[in-house]
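Here the structure is a predicted model, which means the values were calculated and not measured. Sequential numbering from 1 along the given sequence is applied to the chain's residues.
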Amino acid sequence: MAKESWKPGNMLYPVPAVMVSCKRPGEKANIITLAWAGTICSDPAMLSVSIRPERYSYDIIKETGEFVVNLVTAELTRACDWCGVRSGSKYDKFKEMKLTEYVSEYLKTPAIDESPVNIYCKVKKIEKLGTHHLFIAEVVGVTVDDKYMDEKGRFDLRATNLIAYSHGDYFALGKKLGQFGYSVKKKTNSKNKPKKRRKA
């Protein structure tokens, strides 16, 4: 097997495709589609999104200091793509894509009601990196669609049918291959299990 050497480039794929909603007071809400978003801290819960300064949503998020990350299902793929190639300066994206605004107790910025998971964020810092600026934000709350709660009262994220983005293409997530820690988990041998004693 041989390797080729390429110049530096962003080849970290696949990544989540997310729809980020934002809104200035007194104006229509907007949605920007991003593939460069990720978790950066668990306590406090924080994430980041990278946005080009020339994007319409950039100034909205910079001025208001808040945004909502909305996870994308397979059913929302077309809306996700459309919101990424059309400018909010010309279109009302909620109206055009027939999406519903959901206003929570966490922020004034609405979430996308059709999204199974909405993550409400407050901007803490903006890093000017180059073509993109990195918005570092703290998660102030989360809302989830209760139709994905299982019989044990837990949220079943796998049932939401989320999508991933890889080098220009959208993909549905595939079958489960394992879970965290499975590679070092000790296997239980049924032959070595102690037999339960009968009660006298």
- Message: Side chains of Glu66 and Lys108, heavy atoms from C-beta outward: is any pair under 4.5 Å?
- Response: yes
- Over 12 non-hydrogen atoms of neighbours within 6.0 angstrom of NZ in Lys125: no
- Compare every heavy atom of Tyr148 with every heavy atom of Pro116, then report the nearest pair and how far apart it is. CB-CE1, 3.6 Å
- Residue set satisfying side-chain contact (heavy atoms from CB on, under 4.5 Å) with Leu129, at least two apart, ordered chain then number -> Glu127, Leu134
- Message: Side chains of Leu71 and Leu76, heavy atoms from C-beta outward: is any pair under 4.5 Å?
- Response: no
- Please determine which of Ile61, Ile112, Ile119, Ile51 meets the side chain to side chain contact (heavy atoms under 4.5 Å, CB included) test together with Val20. Ile61
Distance-only criterion, 3.5 Å: show the donor-acceptor pairs between side-chain atoms of residues 162-172 and protein atoms not counting sequence neighbours.
| from | atom 1 | to | atom 2 | distance (Å) |
| --- | --- | --- | --- | --- |
| Tyr165 | OH | Gly168 | N | 3.3 |
| Tyr170 | OH | Asp81 | OD1 | 2.8 |

- Looking at NZ of Lys185 and CZ of Phe180, how far apart are the two atoms once the value is rounded to the nearest 0.5 Å? 12.5 Å
- Asp145: what forms a side chain to side chain donor-acceptor pair (under 3.5 Å) with it, not counting sequence neighbours? none
- Can you sort out the partners of Glu63 under side chain to side chain donor-acceptor pair (under 3.5 Å), two or more places apart, ordered by chain and number? Arg24
- Query: Once you round to the nearest 0.5 Å, how far does CG of Leu173 lie from CG of Asn161?
  - Reply: 7.5 Å
- Are Val123 and Ile60 co-members of a hydrophobic cluster defined by side-chain heavy atoms under 4.5 Å apart? no
- Task: Find the distance between CZ (Phe67) and OG1 (Thr64) and round it off to the nearest 0.5 Å.
- Result: 9.5 Å
- Which heavy atom in Tyr120 sits nearest to a heavy atom in Thr109, and how many Å separate them? CE2-O, 4.4 Å
Distance-only donor-acceptor hits, side chain of residues 95-106, under 3.5 Å, sequence neighbours excluded:
| from | atom 1 | to | atom 2 | distance (Å) |
| --- | --- | --- | --- | --- |
| Thr100 | OG1 | Glu114 | OE2 | 2.7 |
| Ser104 | OG | Tyr106 | N | 3.0 |

- Task: With rounding to the nearest 0.5 Å, note down the distance linking CZ in Phe135 to SG in Cys22.
- Result: 9.5 Å
- Item | Met46 reachable from Val49 in the ILVMFWY side-chain graph, under 4.5 Å edges | no
- Item | Lys62: salt bridge (Lys or Arg N to Asp or Glu O under 4.0 Å) partners, not counting sequence neighbours | none
- When every non-hydrogen atom of Cys121 is compared with those of Val140, the smallest separation belongs to N-CG2, 4.4 Å
- Query: Where is the tightest heavy-atom contact between Met19 and Cys83, given as atom of each residue plus distance?
  - Reply: CE-SG, 4.0 Å
- Can you tell if the side chain of Val142 reaches within under 4.5 Å of the side chain of Asn118, non-hydrogen atoms only? no
- Item | Derivation and outcome, side chain to side chain contact (heavy atoms under 4.5 Å, CB included), residues Leu47 and Val139 | CA-CA 7 Å; Leu47 57 76; Val139 177; 4.1 Å; yes
- Note on the structure: Residues at least two apart in sequence or cross-chain that pass side chain to side chain donor-acceptor pair (under 3.5 Å) with Thr73, listed by chain then number, are Glu75
- Message: Rounded to the nearest 0.5 Å, what separates atom CZ in Phe155 from atom CE in Met149?
- Response: 7.5 Å
- Task: Sequence neighbours left out, what passes side chain to side chain donor-acceptor pair (under 3.5 Å) with Ser57? Give chain and number order.
- Result: Asn30
- Quick one: closest heavy-atom pair of Ser87 and Tyr56, and the distance? OG-CB, 4.0 Å
- Taken in chain and number order and not counting sequence neighbours, the residues that satisfy salt bridge (Lys or Arg N to Asp or Glu O under 4.0 Å) with Glu54 are Arg52
- Item | Heavy-atom pair with the smallest gap, counting every atom of Tyr58 and Ile126 | OH-CG2, 4.4 Å
- Query: salt bridge (Lys or Arg N to Asp or Glu O under 4.0 Å) with Asp150: which residues, sequence neighbours excluded?
  - Reply: Arg154
- Note on the structure: Residues passing the salt bridge (Lys or Arg N to Asp or Glu O under 4.0 Å) test with Lys124, sequence neighbours excluded, are Glu138
Do any side-chain atoms of residues 31-44 form donor-acceptor pairs under 3.5 angstrom with protein atoms, and if so which ones, sequence neighbours left out?
| from | atom 1 | to | atom 2 | distance (Å) |
| --- | --- | --- | --- | --- |
| Thr33 | OG1 | Cys80 | O | 2.5 |
| Thr33 | OG1 | Gly84 | N | 3.3 |

